[in-house]
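In what follows, a single structure is set out as C-alpha cells and then discussed.
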Amino acid sequence: MKREQGLVILSILALVALETMVGGSQAAIGMPPESAPLIRHFYKVHNTCAYVEPFVRHQVQLIWANDKTVAPKLIKLLYADCMVNGCDASILLDGPNTEKASPKARGLAAFVLIDKIKQVLEARCPGAVSCADILNIAARDAVYLSGGPSYPVFLGRRDGLESNAAWVDFPSPSMSWESSLAYFESKGLDLQDMVTLLGAHMMGRVRCSNILDRLYNFNNTGKPDPSMEPSTLTYLRAECPQKVRLGQPNPLINLNPSNPSHSFTNSYYSRVLEKKSVLGVDQQLIYGEDTHDLSDEYAAGLQDFKLGFAFSMSRMGGLKVLTGTKGQIRLDCRMVNK
C-alpha cells in the first residue's frame, strides 16, 4: 500500500463514519455484520434512559480530572472484553475461573469506575443500560477527554451470562507483526485495525517483565534487540534492571516515554519509525510494507489517526455483540442476575 492509497482509505473511513452517523444504524460498510442491530441513541429511541451518555461522561470526567491514566485503562479493558468473547462485558464478571481471573488479564483496571457508573445509572434508569454499553461509552469519553475523537457509539448491547479464564488468548507483547495480524483477523478485524488499535499504546503503562527479553535476551541470544535505538535501550535498561532474583520489583513504565501526560497523540508512530518502541509487537510495524506505510501516514497526520482510531474502535466495539433477547441487562456488572 503506497502512501497515496493509504490516504484514500482514510478518506473512505471518514465517509463511512459520516454515513453511519447520519443513518443512525451501525449497518454500514466495513462494520461487523453482527453489530447491525446496534443503533445511535438506543436508550433515547426506546425511552429507557435518554440521558445515559451525559450521565456516563460526567462520571468519567470526575475520575479523569485526577487520573489521566483512566483513558488507557478503559481502552485496555474494552479491548480485553471485545477481543476475547465479543463485547458482552464478560471481562467484568467476578469469580474464580472468569476472564478477569486469568493470569493474562493481570493489570486490567477501571473496574471500580464501571461499578460507579452502573450504580448511577441504576438509580436513574433501573434495569435499562447494559454494562457492555457502559464500557463502550466510557472508553469513548476517556479518549475524547484525552484529546482524541468523540466518535458516535452505537448502542443496544446486552450482557453475557458466562465468563471463562480459558477463553483469554491475548497475544504476546513480543510477537511478530504477521502473528499479530493473524490474531486480529481471527477476531474479525483487519490490518488497518491492527495498526490503528496498537496505536492505543500512545498512552498507558506496562510492567517491565513484558520487555525484559528485548532488553537482555532477545530471541535467547543473551543480547538486546538489535533493532532498538541505542538511547532508548539505555533508558529502558535503567528503568527495568535485569532480573537476578525472586521477588525483585517489577516496575511500571510508560508505553510512550514521550507522552507522560497520557494524552491522545500520534507520537507512538514516530517512535515506531525511529525504532524507539517499548514493546516488540509495536516495533514490528516497520517490517511489513503495509504496516510501515500506515505507520508513516499516521505519524505525519494526527487527524488521519483520529479518523482511523474512531473507525477501528467502532469496529472492535461491534464484535460478537448480544442484542434483542440474548444475554441480559445486569443489575451489577460483577455478577449475572439471580
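A donor atom on one side chain and an acceptor atom on the other are found under 3.5 Å apart for E229 and S231. Side-chain contact check for S267 and T265: at least one donor-acceptor pair (N or O, by modelled atom type) lies under 3.5 Å. In this structure, a donor-acceptor pair under 3.5 Å is present between the side chains of S312 and D193. Side-chain contact of S209 with N250: a donor-acceptor pair under 3.5 Å is present, judged by distance alone.
Contacts classified as ring-ring contact (aromatic ring centres under 6.0 Å, His included) and involving residues 248-293 (residues at least two apart or in different chains) are given here: F264-F305, F264-F309, Y269-Y298, Y269-F305. Sorted by first then second residue, the side-chain hydrogen bond (donor to acceptor under 3.5 Å, both in side chains) pairs that include residues 80-96, not counting sequence neighbours, are N85-D88, D88-S90, S90-E99, D94-K100, D94-R334. Within the structure, side-chain hydrogen bond (donor to acceptor under 3.5 Å, both in side chains) contacts touching residues 46-58 (residues at least two apart or in different chains) are R40-E53, E53-R140, R57-D141, R57-S150. Sequence neighbours left out, not one pair with a member in residues 213-255 passes ring-ring contact (aromatic ring centres under 6.0 Å, His included). Contacts classified as ring-ring contact (aromatic ring centres under 6.0 Å, His included) and involving residues 157-211 (residues at least two apart or in different chains) are not found. For the salt bridge (Lys or Arg N to Asp or Glu O under 4.0 Å) condition, the pairs that include at least one residue of residues 62-72, sequence neighbours left out, are D67-K73.
Annotation: E162, atom CD; neighbour count of heavy atoms from other residues, nucleotides and ligands within 6.0 Å does not exceed 12.
In this structure, the separation between CG on D115 and SG on C131 is 8.5 Å, given to the nearest 0.5 Å. Between D225 atom CG and N219 atom CG the span is 7.5 Å, to the nearest 0.5 Å. Of the inter-residue distances, the one linking L236 atom CG with R214 atom CZ reads 8.0 Å to the nearest 0.5 angstrom. With rounding to the nearest 0.5 Å, the separation of CG in L255 from CD1 in I253 is 7.5 Å.
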Going through the checks in order, is the side chain to side chain donor-acceptor pair (under 3.5 Å) test met by S270 and N266? CA-CA 7 Å; S270 299; N266 58 346; 5.7 Å; no

Take V281 and S174 through the test side-chain contact (heavy atoms from CB on, under 4.5 Å) and record every step on the way to the result. CA-CA 5 Å; V281 67; S174 300; over 6 Å; no

Is there a side-chain contact (heavy atoms from CB on, under 4.5 Å) between L113 and V70 once you walk through the steps? CA-CA 9 Å; L113 172 57; V70 71; 3.6 Å; yes

Candidate pair T98 and N164, rule side chain to side chain donor-acceptor pair (under 3.5 Å), full reasoning: CA-CA 4 Å; T98 60; N164 192 326; over 6 Å; no

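Using a 4.5 Å heavy-atom cutoff, the side chains of I114 and L92 are in contact. For the pair Q242/L215, no side-chain contact is recorded, criterion being any heavy-atom separation below 4.5 Å from C-beta on. Looking at C208 and N210, their side chains never come closer than 4.5 Å, going by heavy atoms from C-beta outward. Taking 4.5 Å as the limit, some side-chain heavy atom of Q283 sits within range of a side-chain heavy atom of K275.
At least one donor-acceptor pair under 3.5 Å links the side chain of R330 to the backbone N or O of G160.
Contact check on K187 versus D169 returns a salt bridge, with a Lys/Arg side-chain nitrogen under 4.0 Å from an Asp/Glu carboxylate oxygen.
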